[in-house]
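For reference, the structure is listed below as structure tokens.
Along the sequence shown, residues carry numbers from 1. Here the structure is a predicted model, which is why all the values come from computation and not from measurement.
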Amino acid sequence: MKSVIKISLGVIFTLLLLVVVAILALNFFIDADQYKNTIRTIVKENTGLTLDIEGPLELSFFPSLGFSANKLSVTTPKEEKLVLVDYAQVEVELFPLLSNELKVTALNIEGAEVNLVKDKKGVPNWQIETTQSQNKPASKTTPAETSDQDSNTTSNTGKSTTELNISAVSLKNITLNYQDQQKSQTFNLKNLNVSASNIANNQYFPIQVSFSASGNQPAFKLDEKVRTDFLFDLKQQRFELKEFSLNSQGQLTTEKQPFAIDLDVSAEKIELASQAQQINIKNLVLSDKQLMAKSNVSLTNFIQPTVKGNISLSVDNLPEWLQGLGINYKPTKLDALNKFSFTSQINGDAGNIVLNKLNLTAGDFTLNGKMTLANITKQPRYEFDVKGSDLVVDHFTPATSSTTSSSASKTQSEKNESAKTSTPVKTADNTPILPIDTLRKLNLKGKLHLNSLTQQKTKLEDVNLTIHANNGNIQLSPVTAKTLGGTINKTVAIDVTKKTPIIDVTTKANNINVYQALMNYADLNAIKGAANLTGQFSTKGNTKTQLIESLNGQANFAIANGELTQTNVDKILCKAIAKVRKEKVSKKDWGTSTPFQDMSGQIIIRNGVVDNQKLIAKLEQLNIDGYGTVNLLTESLDYRLGLTITGSQSNAGEEACQINKRYANIRWPVRCQGGFSDKELCGIDQEKVGEIAASQVKSELERKIDKKLEDKPELKPVGDLLKRFLD
């Protein structure tokens with residue numbers, strides 16, 4: 001028995017020795033170059049491509065299976081060079097293969113160039129068409145057989161999975177050129193270098209990647225460097241990146257505006273679990289010279305994904321950062337956006353994203369609350385409920401250049417000069433106000449509260465706004481605020497469904513400081529007092545000029561305990577009376593204003609011209625009535641007032657205008673005419689005063705005739721004749 005065992009072991013040892021000797025013989029005595037034509041034929045028949053190996057081909061069989069080759073090229077049927085490789089090497093250990101383990105000792109490629117082209121018909125040059133695939137009939141497999149095959153495959157896979165083990169991977173100086181002739185699009189990847197070592201299943205291994213990329217749609221040029229520790233578990237289909245870092249430098253050009261990129265991206269861990277359908281990103285950080293963004297995100301269920309996490313973003317100087325992106329924007333207040341930040345929690349799924357505990361900071365302004373992006377996959381709808389601090393809109397509006405300011409000053413000067421000649425002209429402002437295309441697509445519903453809102457010298461406090469926008473119809477209702485000592489309540493409807501936007505406004509204002517309101521909105525220093533107003537207005541257009549030219553509506557107003565700030569009624573009245581009496585006014589210090597008890601009226605606006613035909617105001621011993629127009633486009637007015645003495649006589653401390661009760665009920669005419677910025681708008685209506693003077697002369701003559709006739713009745717026929725002559 002022992003001899004049998006010895007003989008058997010001897011035979012086995014001899015066979016193994018023969019195998020080793022045979023393999024060694026293969027390594028030393030077989031010339032691999034003689035197989036070049038065979039390899040070329042096999043590749044041609046199976047792919048339609050031509051493989052040429054210009055340099056030496058080396059094969060190894062022990063202790064590793066492998067090959068190395070120099071100067072490889074792959075050519076398409078149209079004789080286009082698809083792939084060029086300077087050197088390629090692959091080595092696989094022999095004995096681990098017997099244990100179903102793939103252990104690669106070397107995978108090296110150097111100096112490779114890949115040229116991918118889609119022609120003008122959209123046909124790619126890498127498309128493989130073989131004679132075998134064209135002539136081979138489709139196999140007929142019954143559903144049952146397919147099921148059995150899938151079952152067997154799954155079963156076999158479950159029993160044994162190939163273990164992957166690669167000692168080192170090295171890709172050096174790889175180039176990829178892509179061209180789409182249909183779209184005139186190009187993409188180039190150069191100097192691709194990849195290095196990794198100790199690659200094995202379910203263990204971390206280091207990997208480094210670097211390359212340069214460029215393209216033309218949009219035009220860009222980037223240098224990229226990536227470093228991470230990578231882990232994969234093929235059984236569980238799980239992948240991890242640990243201590244991930246990416247550096248990107250270069251330039252991107254959009255709309256002929258280039259901007260520099262210097263970006264760093266890092267993450268503590270990125271996990272992808274395919275079977276569990278989950279992605280986790282921990283401590284993701286994106287930063288450049290001024291921007292810092294951080295996030296922790298968890299995504300589950302790839303078919304109907306849900307997301308949960310948080311995000312934060314901060315920019316030291318937002319205008320400067322935007323300028324780097326090719327967006328030239330400078331706020332009026334230079335430091336208004338020096339500190340910009342945004343933080344929020346994120347929850348949602350493929351159709352809805354909710355931003356909870358949202359906080360936005362821009363300079364001194366803060367905004368917090370909740371925002372929802374709903375119906376993402378169909379027609380996105382935005383919902384919000386946010387509260388803000390004190391917002392000064394003027395701080396964030398684009399700053400005007402010195403040239404613009406000079407032009408504006410010149411326009412103002414021309415306006416003032418024109419107003420003096422009673423033919424004011426104002427330069428048209430054709431700057432678009434509303435983003436029409438954006439509003440037409442907007443699907444929005446929300447509530448906004450601000451502690452205060454300041455714009456163009458007007459401050460609104462305790463501002464509340466409810467908005468609803470859909471299919472080009474925007475409703476702001478209600479809009480409430482405290483301002484100018486009173487309150488306002490508005491509803492605003494904006495219709496942008498047609499070519500020209502239409503705006504309708506209903507407003508109610510109580511106890512408003514009319515002086516400050518006129519100064520803020522019209523630069524008109526004319527009246528003081530507390531005003532109540534109700535009105536309805538409509539307009540159309542998208543520039544300031546268009547909106548004023550198309551403004552129509554009506555309003556009723558009442559002003560209590562007010563003052564005419566630029567008009568001294570006593571002075572005007574005294575000059576009018578003195579003119580009638582043919583006296584000279586000697587008083588110099590009249591003052592510049594006139595108080596009144598109340599004023600009321602109705603205004604009708606037609607195409608930017610305010611028409612008031614019935615103004616009533618009460619002074620201490622005077623009643624004022626008036627009518628006229630105010631042109632909002634040219635910022636000018638033409639208004640006539642009538643002053644009627646209600647007391648027994650006027651006493652302005654001036655002898656020239658001391659009158660008795662015979663002058664008390666006369667309507668003394670005043671005309672206000674010129675530009676809003678004129679210092680003295682109002683004065684005597686010379687034409688009407690002349691008529692009053694003539695009437696007073698006639699009355700005085702008739703009085704004297706009547707007095708004579710009292711003494712001499714016989715002269716009555718002569719007196720009647722004289723009166724008819726005066727008429």
Side-chain angles (χ1 to χ4, degrees), residues 391 393 433-434 439 446-469 473-496 501-524 526-560 562 598-616 629-633 635 637 676:
L391 175 61
V393 177
I433 296 175
L434 300 174
L439 292 178
K447 294 181 179 180
L448 170 66
H449 171 82
L450 295 175
N451 291 345
S452 70
L453 171 67
T454 304
Q455 184 178 21
Q456 295 181 348
K457 303 178 184 179
T458 299
K459 185 175 183 179
L460 306 176
E461 297 180 308
D462 192 20
V463 180
N464 292 281
L465 164 69
T466 299
I467 182 172
H468 185 270
N473 288 295
I474 299 96
Q475 298 287 333
L476 302 173
S477 175
V479 180
T480 63
K482 298 175 182 177
T483 183
L484 302 171
T487 60
I488 61 170
N489 190 312
K490 287 185 179 182
T491 61
V492 181
I494 304 174
D495 184 352
V496 293
I502 300 173
I503 303 174
D504 294 304
V505 180
T506 300
T507 185
K508 182 177 182 181
N510 293 319
N511 203 37
I512 298 297
N513 185 328
V514 66
Y515 172 80
Q516 194 62 54
L518 290 174
M519 285 296 294
N520 290 350
Y521 294 107
D523 197 24
L524 178 59
I527 302 174
K528 288 184 178 180
N532 296 325
L533 179 143
T534 58
Q536 293 181 328
F537 310 96
S538 66
T539 187
K540 58 184 179 180
N542 194 29
T543 68
K544 182 178 179 180
T545 300
Q546 291 172 347
L547 293 173
I548 293 176
E549 287 178 339
S550 304
L551 182 61
N552 291 277
Q554 65 178 23
N556 295 304
F557 67 90
I559 305 174
D598 58 69
M599 179 185 293
S600 62
Q602 182 185 61
I603 60 173
I604 297 175
I605 304 176
R606 299 183 182 90
N607 300 325
V609 178
V610 181
D611 186 1
N612 170 232
Q613 293 299 320
K614 191 177 181 181
L615 174 73
I616 299 174
T629 60
V630 178
N631 193 315
L632 298 177
L633 186 63
E635 295 186 357
L637 58 85
F676 289 174

Task: Identified side-chain contact (heavy atoms from CB on, under 4.5 Å) partner of Val492 from the options Leu476, Ile467, Thr507, Thr506 - done: Leu476
TODO: Taking salt bridge (Lys or Arg N to Asp or Glu O under 4.0 Å) as the test, write out the residues that go with Asp598, two or more places apart.
DONE: none
Open item on the list: So Leu547 and Ile433, do their side chains get closer than 4.5 Å, heavy atoms only?
Closed with: yes
Open item on the list: Could you measure the distance from the OG atom of Ser452 to the CG atom of Leu460? Nearest 0.5 Å is fine.
Closed with: 8.5 Å
Open item on the list: In the structure I gave you, are the side-chain heavy atoms of Glu549 and Leu633 within less than 4.5 Å of one another anywhere?
Closed with: yes
Task: Separation of Thr480 OG1 from Leu465 CG (nearest 0.5 Å) - done: 9.0 Å
TODO: Report yes or no: does Asn532 contribute a side-chain atom to a donor-acceptor pair with the main-chain N or O of Asn511 at less than 3.5 Å?
DONE: yes
Task: Interatomic distance, Leu533 atom CG to Ile603 atom CD1 [nearest 0.5 angstrom] - done: 6.5 Å
Open item on the list: With a 4.5 Å cut-off on side-chain heavy atoms, are Leu632 and Val610 touching?
Closed with: yes
Task: Side chain to side chain, Asp462 and His449, heavy atoms closer than 4.5 Å - done: yes
TODO: Tell me, with the steps shown, if Arg606 and Asp611 meet side-chain contact (heavy atoms from CB on, under 4.5 Å).
DONE: CA-CA 8 Å; Arg606 299 183 182 90; Asp611 186 1; 3.4 Å; yes
- [ ] Determine yes or no for a side-chain-to-main-chain donor-acceptor pair under 3.5 angstrom, with Asn612 supplying the side chain and Gln602 the backbone.
- [x] yes
Task: Nearest non-hydrogen partners of Thr539 and Gln546, listed with the distance - done: OG1-O, 4.2 Å
Open item on the list: Test your reading of the model: is there a side-chain donor-acceptor pair from Thr483 to the backbone of Lys459, 3.5 Å cut-off?
Closed with: yes
Open item on the list: As an exercise, state the distance from NZ of Lys482 to CG of Asn464, rounded to the nearest 0.5 Å.
Closed with: 10.0 Å
- [ ] Look at atom CD of Gln613 and say whether more than 12 heavy atoms of other residues, nucleotides or ligands are closer to it than 6.0 Å.
- [x] yes
TODO: Drop me the distance from Gln554's CD to Phe537's CZ, to the nearest 0.5 angstrom.
DONE: 9.0 Å
Task: Check: Ile512 and Asn510 side chains under 4.5 Å, non-hydrogen atoms - done: no
Task: Non-neighbouring partners of Gln475 that pass side chain to side chain donor-acceptor pair (under 3.5 Å), sequence neighbours left out - done: none
Task: 4.5 Å side-chain heavy-atom contact, Ile605 and Asn552 - done: no
Task: Any side-chain heavy-atom pair of Ile474 and Leu439 under 4.5 Å - done: yes
Open item on the list: If you define the side chain from C-beta out and look only at heavy atoms, does anything of Val609 sit under 4.5 Å from Val630?
Closed with: no
TODO: Measure the spacing between CD1 of Ile604 and NZ of Lys614 and express it to the nearest 0.5 Å.
DONE: 12.0 Å
Task: Over all atoms of both residues, closest heavy-atom pair of Asn542 and Pro501 - done: CB-CG, 4.2 Å
Open item on the list: To check you understand the geometry: which heavy-atom pair defines the closest contact between Ile559 and Lys528, and what is its length?
Closed with: CG2-O, 4.0 Å
